[in-house]
Amino acid sequence: MKAFSDLYRRFDSATSTRAKLTAMVEAFAAARADPTQWASAAWMVYFLSGGKPRQTVPTRILWRLAVEGSKLPEWLCAECYGNVGDLAETLTLLLPEGVAGEAVSLDVWMRERLLPLPSLDEEERYARLEVWVAALPQDQRLAFFKPSCTLNNNSLTQASQYLSKRRGRKRADMKRRQKPAQDRR
Amino acid sequence: MDLIAPTDRGLYCEAGDFHIDPWRPVSRAVITHAHSDHARFGSDLYLCHPLTAPILRRRLGDVAIETADYGEVLTRNGVEISLHPAGHVLGSAQVRVARNGEVWVASGDFKLEADGVVAPFEPQRCNVFITESTFGLPIYRWRPQAETMAAIESWWRENVAAGRASVLFAYALGKAQRLLARLDPSIGPIVCHGAIEPVNAIYRDAGIIIPPTRLVTEVADKSELRQALIVAPPSAAASPWLNRFGDYSDALASGWMQVRGNRRRRGLDRGFPLSDHADWSGLLAAVEATGAERILATHGFTGPLTRYFREKGLDARALQTAYGEEDEAAPGAESAA
């Protein structure tokens with residue numbers, strides 16, 4: 001993931017095509033020298049040529065991560081998103097710094113983590129995402145979120161509705177639990 | 001009645017008959033710092049910290065100035081006035097106003113991290129805190145200064161290795177001198193724009209160590225420029241002044257660079273988020289340290305910040321001022337952000 005993130009950052013900070021080309025040449029030369037990097041390099045080619053895997057993390061889960069992960073009120077997250085204009089970057093800026101875990105290659109990220117996600121249930125998907133992101137160094141998060149986030153205002157509205165529904169359910173659950181047992185039918 | 005209230009001229013203390021950072025001419029103006037949106041022309045008498053006075057004179061000409069050191073208490077009609085370090089730029093101060101045990105503090109602009117250049121922020125206990133909120137959104141959380149300086153140094157080194165000049169845009173008063181005082185001068189020669197050099201002189205007179213700097217006209221051997229760090233105000237971007245540097249990389253040091261879009265819209269190679277304003281965590285920490293039960297927020301993201309405080313049970317609301325209008329209110333503007 002680090003090689004991909006470094007390349008992403010160099011792309012992002014370069015305004016000239018020549019600089020972007022140099023960044024690519026260097027990144028792929030480094031990957032070529034190390035066979036364990038070949039599969040990740042193939043993923044880099046996939047992303048660089050505009051490839052997008054079928055949505056593995058829906059916007060509603062990313063939005064929930066922004067709100068619950070930052071421990072900020074949802075309206076404030078929405079203000080931030082409105083200011084940044086990009087959910088991937090908003091997430092990168094809002095989530096607290098994690099404890100950097102072991103380095104995970106882009107190939108493992110994709111094949112072992114993200115691609116199997118859609119087959120899991122909602123809670124499990126969220127729980128895994130939360131753990132992975134917490135262990136991802138701050139400077140690699142943008143490169144992770146960026147290809148995962150395809151957001152339009154419509155999907156954010158839906159994400160927000162989803163979150164309030166979830167909260168509604170939670171409140172109802174709590175009320176049920178608080179009620180004396182004999183009242184439960 | 002409130003000890004300090006907004007008027008069409010600025011924040012006014014009626015009991016002591018003075019304004020704080022007025023935006024129109026008044027008889028007595030207490031000045032937090034010398035940025036142009038806080039210190040404006042036309043008042044009869046200015047009161048400020050001694051280190052602000054020379055900058056004020058340079059900007060406003062021969063005006064009447066009284067000075068007060070940090071912590072020195074002046075009394076006027078039973079109202080105590082004192083200045084306390086704000087950590088923003090040279091001579092920047094918070095204004096503490098007290099009467100019959102009630103204490104108000106107007107922050108001016110401030111930052112919490114001690115930058116090793118100007119006197120660091122000292123929180124004052126008060127009942128009412130008038131705070132700035134330039135970066136009052138949680139996306140604005142600064143990395144430690146040392147980390148950002150290291151990033152700038154590594155950009156400069158890369159450019160030296162590639163044989164191109166490093167043009168660093170920074171606000172002429174405060175940010176430029178903070179960079180000059182903290183960056184490693186052994187990387188290459190340093191050239192300053194004509195708007196920055198006079199302020200460097202004022203900082204040096206105040207005892208702040210700034211490495212040797214030159215105007216571009218003083219560089220005889222132009223090949224030196226390809227190793228040089230060139231510090232210029234943001235207004236110099238895209239001006240013909242830059243043509244002489246040939247192939248160069250440009251960057252802006254400003255809190256607004258936290259958001260990529262702000263950098264990309266300006267077409268800059270690099271953006272370094274470095275601010276002389278408090279970030280989100282800094283604003284929360286400052287408010288907590290004052291112990292104030294009432295918060296009034298001036299320029300910046302006043303809406304979100306005050307709503308956040310209200311939800312935490314504080315009495316907080318936005319205060320309409322003209323601060324930030326010329327300067328840091330909008331990304332891309334001149335001066336202090």
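Chain naming here is simple, since letters A, B, ... match the order of the sequence lines and numbering starts at 1 in each.
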Go through B/Asp250 and B/Arg270 one step at a time and tell me if the salt bridge (charged side-chain N to carboxylate O under 4.0 Å, His left out) criterion holds.
-> CA-CA 7 Å; B/Asp250 58 4; B/Arg270 300 291 295 271; over 6 Å; no
Would you list the atom pairs, donor with acceptor, under 3.5 Å between side chains in residues 18-32 of chain A and any protein atom, with sequence neighbours excluded?
from: A/Thr22; atom 1: OG1; to: A/Arg18; atom 2: O; distance (Å): 2.7
from: A/Glu26; atom 1: OE1; to: A/Arg10; atom 2: NH1; distance (Å): 2.7
from: A/Glu26; atom 1: OE1; to: A/Arg10; atom 2: NH2; distance (Å): 3.3

Residue B/Arg141 versus chain A: region with a heavy atom under 4.5 Å = side chain
Flag the one option from A/Asn83, A/Leu142, A/Leu72, A/Thr90 with the top tally of heavy-atom pairs under 4.5 Å to chain B.
-> A/Asn83
Would you say the side-chain atoms of B/Ser249 and B/Trp155 include a donor-acceptor pair closer than 3.5 Å?
-> yes
Under 4.5 Å from a heavy atom of chain A, the part of B/Arg263 involved | side chain
Compute whether any side-chain donor of one residue and acceptor of the other, for B/His299 and B/Asp109, lie under 3.5 angstrom apart.
-> yes
Specify which of A/Glu89, A/Glu97, A/Glu79 makes the most heavy-atom pairs with chain B at under 4.5 Å.
-> A/Glu89
Between B/Glu311 and chain A, which part of the residue has a heavy atom less than 4.5 Å away: side chain, backbone, both or neither?
-> side chain
Provide the full list of side chain to side chain donor-acceptor pair (under 3.5 Å) pairs with a residue in residues 128-138 of chain A, sequence neighbours left out, each pair given once.
-> A/Glu124-A/Arg128
Tell me, side chain or backbone of A/Leu94 under 4.5 Å from chain B's heavy atoms, or both, or neither?
-> both
